[in-house]
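First the structure, in the form of structure tokens, and then the observations on it.
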Number of protein chains: 2
Amino acid sequence: MSRATLTRDTIVDTTIRIIAEQGTEGFTMRSLGQALGTDPTAVYRHFRDKAELLRAVSERLLGTVTVDLPADAGWRPVTVEVCRRLRSALLNQPQLATALQFGPPLQPTEFAITETLLRQFRLAGLEQGAAALAYHSVIELTVGSAAIDAALHSLSSRERSQQYFRWRSVYATLDPAEYPETVGASAHMYRGTADERFVHALEALLDGIVPSP
Amino acid sequence: MSRATLTRDTIVDTTIRIIAEQGTEGFTMRSLGQALGTDPTAVYRHFRDKAELLRAVSERLLGTVTVDLPADAGWRPVTVEVCRRLRSALLNQPQLATALQFGPPLQPTEFAITETLLRQFRLAGLEQGAAALAYHSVIELTVGSAAIDAALHSLSSRERSQQYFRWRSVYATLDPAEYPETVGASAHMYRGTADERFVHALEALLDGIVPSP
DNA sequence: CGCTGTCGTCAACACTGTTGACAACGATGT
DNA sequence: ACATCGTTGTCAACAGTGTTGACGACAGCG
């Protein structure tokens with residue numbers, strides 16, 4: 001019986017589970033302790049503070065972004081796949097922005113993402129400076145898409161559809177004299193899944209970055 | 001002898017000032033009360049809770065986005081200008097994501113932004129469905145750019161430049177064998193101002209959305 | 001066996017947003 | 001002019017947050 005019931009891995013596991021089940025607000029040090037079956041402050045034996053724990057969580061989530069990528073798919077499908085995975089990882093942890101506050105000097109997995117994306121853009125024929133700008137561009141789009149959809153991510157797909165429908169209704173019932181375009185396009189707003197909208201935007205961005213012949 | 005010392009406008013003013021000076025973490029109900037010279041709980045006579053106050057703040061900030069737009073500049077400069085203003089407004093209030101949690105049924109100013117952007121895309125020749133997708137795309141990019149730069153926004157331009165330099169150094173000193181592209185492009189990362197990078201990304205996105213002949 | 005260092009436990013601190021009772025004050029009706 | 005009323009600032013307090021320091025149980029080791 002390993003008396004050490006608590007380890008960094010199990011703590012990170014439980015943290016991810018809590019956030020996935022109850023959302024980012026339902027995760028507190030005390031709820032974590034309860035889920036672990038220990039005193040809440042026992043976690044501080046393994047992590048300096050909550051920020052370090054969340055950094056470890058983001059490290060775990062971001063670790064899946066660049067693994068097992070299709071080798072011979074070409075730069076563009078690989079780029080889309082990496083960004084989709086990154087967006088998915090960010091969705092599971094909106095608080096990553098907090099951990100990201102310290103900037104790039106982060107975890108090894110972040111460097112792997114940067115390296116992978118930069119390589120794809122170089123494969124696409126971009127110079128180093130253009131590749132760096134392209135990297136910043138796709139990261140901004142990916143983070144934004146995740147931030148916008150983070151609130152609805154904890155909902156079921158049914159509830160999400162209902163929410164989209166509700167928003168379309170709001171747009172549709174605006175004053176047509178004041179908001180003609182919004183009313184006219186209301187049926188097309190928030191159509192499909194958030195992932196589909198993101199991929200559409202990403203494809204457009206990539207079209208603009210690397211114009212196809 | 002101002003008896004009605006507190007009003008919604010002055011509270012919103014002070015809130016914006018505190019967030020601008022001390023960042024989003026330095027703003028609490030108690031610090032707000034101290035800045036107002038009243039008891040912290042007096043604010044609750046004018047706003048139901050902190051969320052409603054922040055909604056009023058976002059309403060104030062977003063109100064400047066669509067006013068006095070150049071009339072005959074063409075859809076593209078107008079779109080860029082609106083997105084730049086929106087990004088600037090979001091930068092001043094990272095917590096807007098919290099207020100935005102409730103989704104589109106928000107304030108009138110948000111509808112004005114949506115209407116303006118949709119009209120520009122219609123002017124560019126897009127159908128209603130394509131305009132809606134384009135709207136979602138530019139919003140995602142704008143929100144993401146603001147989210148990424150929010151952490152550094154409270155810094156002075158000098159400190160910001162130093163931070164950028166520090167990050168470039170981190171990239172430059174990685175293992176070239178493992179991260180060749182990152183090391184190679186390190187000198188081009190985080191170049192220029194964040195606004196310039198955003199406009200570059202936005203221009204690329206617009207190129208992809210509405211291909212120029 | 002005894003020692004040492006790790007690690008879970010407990011109480012407590014400073015802080016947050018928020019609420020209900022209380023009181024001062026201007027405005028209002030007769 | 002007086003009493004009344006509703007608005008609004010004040011105060012104490014509550015539940016909840018992250019975090020710290022003292023305490024003690026336990027494993028491994030000489």
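All chains are named by letter (A, B, ...) in the order of the sequence lines, taking the proteins before the strands, and each is independently numbered beginning at 1. Please read these numbers as outputs of a predicted model, since none were measured by experiment.
- A salt bridge links A:Glu52 with A:Arg8: at least one charged nitrogen is closer than 4.0 Å to a carboxylate oxygen.
- Closest contact between the side chain of B:Lys50 and the listed nucleotides C:dG17, C:dT9, D:dT8 involves C:dG17.
- Atoms CZ (A:Phe47) and C1' (C:dG8) sit 16 Å apart, rounded to a whole Å.
- In the set D:dT19, D:dG9, C:dG8, D:dT19 carries the atom at the smallest distance from any side-chain atom of A:Asp49.
- Counting to the nearest Å, the P atom of D:dG16 and the CD atom of A:Gln34 are 12 Å from each other.
- Nearest approach of A:Gly63 to A:Thr109, heavy atoms of both residues: CA-CG2, 3.7 Å.
- Every residue two or more places apart in sequence or in another chain that forms a side chain to side chain contact (heavy atoms under 4.5 Å, CB included) with B:Arg160 is listed here: B:Leu152, B:His153, B:Ser157, B:Tyr164.
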When you compare the protein's N or O atoms with those of nucleotides 21-23 of chain C, which come within less than 3.5 Å of each other, and at what distance?
unit_1: C:dA21; atom_1: N6; unit_2: B:Arg45; atom_2: NH2; d: 3.2

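- Salt bridge B:Arg191/B:Glu196: absent, no basic N to carboxylate O contact under 4.0 Å.
- Residues passing the side chain to side chain contact (heavy atoms under 4.5 Å, CB included) test with A:Arg158 are A:Ser156, A:Gln162, sequence neighbours excluded.
- When the P atom of C:dC25 is taken as reference, atom CG of B:Leu6 falls 17 Å away, rounded to whole Å.
- In this structure, A:Leu53 places its CG atom 15 Å from P of D:dT17, rounding to the nearest Å.
- The two atoms that bring B:Ala204 and A:Leu205 nearest to each other are CB-CD1, 4.0 Å, heavy atoms only.
- The phosphate of D:dT17 has OP1 or OP2 within less than 4.0 Å of a side-chain N or O from A:Thr28.
- Listed by chain and number, the residues in a salt bridge (charged side-chain N to carboxylate O under 4.0 Å, His left out) with B:Glu115 amount to none (sequence neighbours excluded).
- Between B:Glu181 and A:Arg119, no side-chain nitrogen of the basic residue sits less than 4.0 Å from a carboxylate oxygen of the acidic one, so the salt-bridge criterion is not met.
- Look at B:His46 and you'll find a side-chain N or O under 4.0 angstrom from OP1 or OP2 of D:dG9.
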Can you give me the N/O atom pairs linking the protein to nucleotides 10-13 of chain C at distances under 3.5 Å, or say none if there are none?
unit_1: C:dC10; atom_1: N4; unit_2: A:Thr41; atom_2: OG1; d: 2.8

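- Listed by chain and residue number, A:Val80, A:Cys83, A:Val138, A:Leu141, A:Phe198, A:Leu206 satisfy the side chain to side chain contact (heavy atoms under 4.5 Å, CB included) test with A:Leu202 (two or more places apart in sequence, or in another chain).
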